[in-house]
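Worksheet: the structure to be examined is printed underneath.
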Amino acid sequence: MAIGYLNGQVINSDDPVLPIDERGHQFGDGVYEYIRVYGGRPFMMKEHLDRFFRSAEAIKLNLDQSREDIEAITKDLIERSGLADCDIYMQATRGIAPRNHLFPNVPASISMTVKPFRMMDETLREEGAGIKLMPDERWQNCWIKTLNLLPNLLAKQEAFEAGAFEAVLVRDNVVTEGSSSNLFLVKDGKLITPPATKHILHGITRMAVIDIAAELDIPVEEKAFSPDAVFEADEVFLTSTGIEIVPVTSVDRQTISDGKPGEITKKIYEAFMKRV
Ligand SMILES: Cc1ncc(COP(=O)(O)O)c(C=O)c1O
């Protein structure tokens, strides 16, 4: 059963509960996390909570709840949902107060939803996805997982309308990340991914892939690269909590390598599935 949570209360996830003056709604003044639960167990919960608290601190948002509180709420919600495999979204916002750019002196709000997995079209995993390169028009602090996703949404929508699965963003001729994913290239048996600077979200799946690569003795280089490197890669793949690992077989409608999902990508995906 899909359920929701708002400031201490368990609710139906589609209940109309947010007051107009909620700052997440008015200003996007908040941060969020998306965690996947496999077989009743949240995957890399510690890393997700680290990022949640890091993001909150970065926007000067003080949460009343401790990590342990959030973990306990999450565990309770998973149990109540009765779902073994589910998606958890958690949001922390600067609370409910009359509209004013200045910070209000009110408690932060915490909301969550627990819902069945949002399933991806699995043919993408078998056949590979297309990506569209687009200008990265976001702000400078993309490492903070804020609720402000408008440039990401606009890019994803434009990529979708052009027949691509994901928009991959480019800032000053450097590839940063997808609109909701991180990007990896494989070149000469080595993984290459943009470094974890402030211009990308430090993806938890990205972190898992780097760890898996070490386990499989596949070298990883975290270094900046231009769009040309994507066209010239042997393999390309995207990572995120929701899509896990998805091979990319075309960029701007141009085929990458032989146009099939690569062997190293498959190996990493299999190892990832073993972990989850
Ligand atoms: C902009 C952006 N980059 C990367 C990711 C992947 O992060 P994670 O693997 O933690 O889901 C996401 C996930 O939503 C994202 O929104």
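Ligands are counted one by one from 1 in listed order, and the atoms in each one are counted from 1 as well. Not measured: the values here are computed from a predicted model.
- With values rounded to the nearest 0.5 angstrom, Arg23 atom CZ is found 11.0 Å from Ser109 atom OG.
- Relative orientation of the Tyr89 and Tyr34 rings is parallel, given thresholds of 30° and 60° on the angle between their planes.
- If you take CD1 on Ile35 and CD on Glu47, they are separated by 10.5 Å, rounding to the nearest 0.5 Å.
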Would you tabulate the polar-atom pairs, meaning N/O of ligand 1 against N/O of the protein, with distances under 3.5 Å, reported to 0.1 Å?
from     : atom 1 : to     : atom 2 : distance (Å)
ligand 1 : 3 (N)  : Glu177 : OE1    : 2.6
ligand 1 : 9 (O)  : Ile204 : N      : 3.3
ligand 1 : 9 (O)  : Thr205 : N      : 2.9
ligand 1 : 9 (O)  : Thr205 : OG1    : 2.6
ligand 1 : 10 (O) : Arg51  : NH1    : 2.9
ligand 1 : 10 (O) : Arg51  : NH2    : 3.0
ligand 1 : 10 (O) : Ile204 : N      : 2.8
ligand 1 : 11 (O) : Thr241 : N      : 2.9
ligand 1 : 11 (O) : Thr241 : OG1    : 2.6
ligand 1 : 14 (O) : Lys145 : NZ     : 3.1

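- Aromatic ring centres of His48 and Phe43: separated by at least 6.0 Å.
- Atom CD of residue Glu232 and atom NZ of residue Lys187 lie 6.5 Å apart, to the nearest 0.5 angstrom.
- The aromatic rings of Phe184 and Phe237 sit parallel to each other, their planes meeting at less than 30°, with 60° as the upper class boundary.
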